[in-house]
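Below is one structure, written out as structure tokens, with a few remarks after it.
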2 protein chains.
Amino acid sequence: MADASTAKRRGRPDSATGHALLDATERVLRAEGYGAATSRRVAQEAGVKQQLLFYYFDSMDEMLLAAFQRRTQRGLARLQQDLASARPLRALWEDYSRAVDPKLTFEYMALANHHAGIRREVATFIRRTRRLQAERIAAVYRARGMSEAPVSPAAAAFLIGCVSLLLGREAGSGINTGHREVRRLVQWCLKQVE
Amino acid sequence: MADASTAKRRGRPDSATGHALLDATERVLRAEGYGAATSRRVAQEAGVKQQLLFYYFDSMDEMLLAAFQRRTQRGLARLQQDLASARPLRALWEDYSRAVDPKLTFEYMALANHHAGIRREVATFIRRTRRLQAERIAAVYRARGMSEAPVSPAAAAFLIGCVSLLLGREAGSGINTGHREVRRLVQWCLKQVE
DNA sequence: GTCTATACACCGATAGAC
DNA sequence: GTCTATCGGTGTATAGAC
């Protein structure tokens with residue numbers, strides 16, 4: 001099965017063209033949605049012939065998964081940096097509010113609904129990041145002597161991701177009802193732990 | 001332009017077949033995603049011929065919009081009931097946690113990314129519901145003499161929708177990390193205003 | 001590694017009979 | 001209101017030359 005001689009001859013996805021295809025995929029996902037992420041459209045966006053895509057990836061499903069995996073790897077690296085901060089809660093909030101693209105995230109989440117590989121990847125990514133965040137936040141609480149905080153570390157981790165994502169998504173659609181109040185609440189909470 | 005003689009002859013979407021098509025659309029969206037919501041697939045699911053769909057709707061885009069509009073109308077009716085409760089915050093939380101389908105919601109949100117009609121409908125729906133919720137919550141705060149609550153009415157309205165949606169989505173993917181803590185926090189908050 | 005050529009299914013949508 | 005027939009376009013994917 002893993003025999004190289006019977007396997008389909010195939011280029012490495014981590015080559016220049018491979019990355020160009022993944023970049024093109026995300027541009028298309030962002031601008032036109034996963035329904036438009038076809039081999040023709042993505043190849044055109046990357047400036048290569050449609051059929052070449054199948055030299056780098058066995059199928060469209062595999063390419064979408066590869067694009068998402070590259071994204072979670074980068075997300076994990078950024079998370080490590082945020083958690084290394086002296087104010088990890090504030091660092092997480094500001095990083096998520098700035099660097100996470102809600103449109104792309106929602107596209108991947110919808111994709112996960114009916115793409116088993118992406119669904120699995122989403123699940124392991126969320127479990128891992130939330131656990132790392134909760135541990136770091138718990139350390140902050142201990143350092144401040146806040147063992148009885150109403151917002152537990154795991155809840156804080158969930159809320160930061162959840163609120164920043166939805167706030168960003170709505171803002172991107174021109175919806176701002178109540179956002180001022182939510183941001184004020186977040187800042188108030190962040191101050192409580194600093 | 002609105003001249004009936006020049007307009008395409010067309011059946012009323014609020015007929016038995018029209019609703020059957022909208023029901024079929026949502027089943028397909030839920031199970032296979034908007035990429036699978038094609039005229040052939042939806043018609044098959046509704047048990048009618050593919051071409052009949054275009055007798056009820058001018059285009060696929062229009063049909064998807066009609067399906068979403070029917071959904072927001074029902075959502076608004078349910079909201080009115082929730083707000084009529086003596087404990088509107090708890091009613092909202094429980095209704096949203098039970099009756100909102102996260103999979104379908106995310107599919108529509110991704111769809112809104114590149115479907116102008118749905119994007120507009122989402123925006124007006126969210127603005128309207130959040131305003132109604134915030135007004136009702138403000139009345140509860142006043143009745144309890146909680147004018148200085150850290151969680152303002154608009155922020156509470158945002159958080160209930162935001163948290164219940166993401167919690168439901170994750171749970172549907174088998175992710176539960178931190179959920180217990182979040183639910184406990186929500187219950188604690190609800191008790192504060194009762 | 002990139003190209004051309006190509007197979008074959010499915011897409012949205014229209015025309016017109018009944 | 002539902003049917004059959006059909007159009008041109010696009011989808012994934014493979015074979016094989018260079």
Side-chain angles (χ1 to χ4, degrees), chain A residues 4-25 27-29 31-68 107 110-111 114-118, chain B residues 4-25 28-29 31-68 107 111 114-118:
Chain A
S5 64
T6 60
K8 191 157 76 168
R9 191 171 69 102
R10 189 153 80 74
R12 303 279 72 224
D14 57 341
S15 61
T17 310
H19 276 288
L21 283 166
L22 296 181
D23 291 342
T25 301
R27 279 200 300 278
V28 172
L29 282 179
E32 305 167 49
Y34 73 75
T38 67
S39 58
R40 286 178 212 263
R41 183 73 193 80
V42 167
Q44 180 201 33
E45 182 74 23
V48 303
K49 296 282 169 185
Q50 177 254 337
Q51 298 93 328
L52 190 57
L53 190 151
F54 295 99
Y55 175 72
Y56 287 94
F57 304 95
D58 279 342
S59 66
M60 287 305 293
D61 269 6
E62 203 207 73
M63 192 178 79
L64 288 167
L65 178 59
F68 185 65
E107 216 62 51
L111 208 41
H114 46 95
H115 186 307
I118 294 188
Chain B
S5 63
T6 60
K8 191 156 79 168
R9 192 170 69 101
R10 188 153 82 73
R12 302 282 70 223
D14 57 341
S15 61
T17 310
H19 276 289
L21 283 166
L22 296 181
D23 291 342
T25 301
V28 172
L29 283 179
E32 303 167 49
Y34 72 73
T38 68
S39 59
R40 287 172 212 268
R41 183 73 193 81
V42 167
Q44 181 201 33
E45 183 74 23
V48 302
K49 296 281 169 186
Q50 177 253 339
Q51 298 93 327
L52 190 58
L53 190 150
F54 296 99
Y55 175 72
Y56 288 94
F57 304 96
D58 280 341
S59 67
M60 285 307 292
D61 269 5
E62 203 206 73
M63 191 177 81
L64 289 167
L65 179 59
F68 185 65
E107 216 61 49
L111 207 41
H114 46 94
H115 187 306
I118 293 187

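Labels below follow one simple rule: chain letters A, B, ... track the order of the sequence lines, proteins then strands, and each chain is numbered from 1. Heavy-atom basis, side chains included; hydrogens, waters and symmetry copies ignored.
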Exercise for the section: Would you kindly give the CG-to-P distance between L53(B) and dC11(C), to the nearest whole Å? Expected result: 12 Å
Problem - Whole-Å gap separating P (dG1(C)) and NZ (K49(A)) - result: 19 Å
Handout entry: Any donor-acceptor pair under 3.5 Å from E107(A) side chain to Y34(A) backbone
Key = yes
Practice task
Would you indicate, yes or no, if dT2(D) has its OP1 or OP2 atom less than 4.0 angstrom from a side-chain nitrogen or oxygen of T17(B)?
Solution key: yes
Problem - Nucleotide dA9(C), atom P - distance to CD of Q44(B) in whole Å - result: 16 Å
Handout entry: Atom-to-atom span, CD of Q50(A) to C1' of dT14(D) - whole angstrom
Key = 11 Å
Completion exercise
Between CZ of F57(B) and P of dG1(D) the distance, given in whole Å, is 13 Å
Handout entry: Length of the CD-P vector between Q51(B) and dC10(C), whole Å
Key = 15 Å
Problem - Beyond-backbone contact of R41(A) with E45(A), side-chain heavy atoms, under 4.5 angstrom - result: yes
Exercise for the section: Determine, stepwise, if the pair Y56(A) / L22(A) fulfils side-chain contact (heavy atoms from CB on, under 4.5 Å). Expected result: CA-CA 10 Å; Y56(A) 287 94; L22(A) 296 181; over 6 Å; no
Practice task
Using only side-chain N and O atoms of S39(A), determine if any of them is under 4.0 Å from OP1 or OP2 of dT12(D).
Solution key: yes
Practice task
Would you indicate, yes or no, if dC11(C) has its OP1 or OP2 atom less than 4.0 angstrom from a side-chain nitrogen or oxygen of R40(B)?
Solution key: yes
Practice task
Round to a whole Å and report the spacing from CZ of F54(A) to P of dT12(D).
Solution key: 6 Å
Practice task
Calculate the interatomic distance between R41(B) atom CZ and dG12(C) atom C1'; express it in whole Å.
Solution key: 17 Å
Problem - Result of checking K49(A), Q51(A), Q50(A) against S39(A) for side chain to side chain donor-acceptor pair (under 3.5 Å) - result: Q50(A)
Handout entry: Y55(A) side-chain proximity, nearest of dC11(C), dG1(C), dT14(C)
Key = dG1(C)
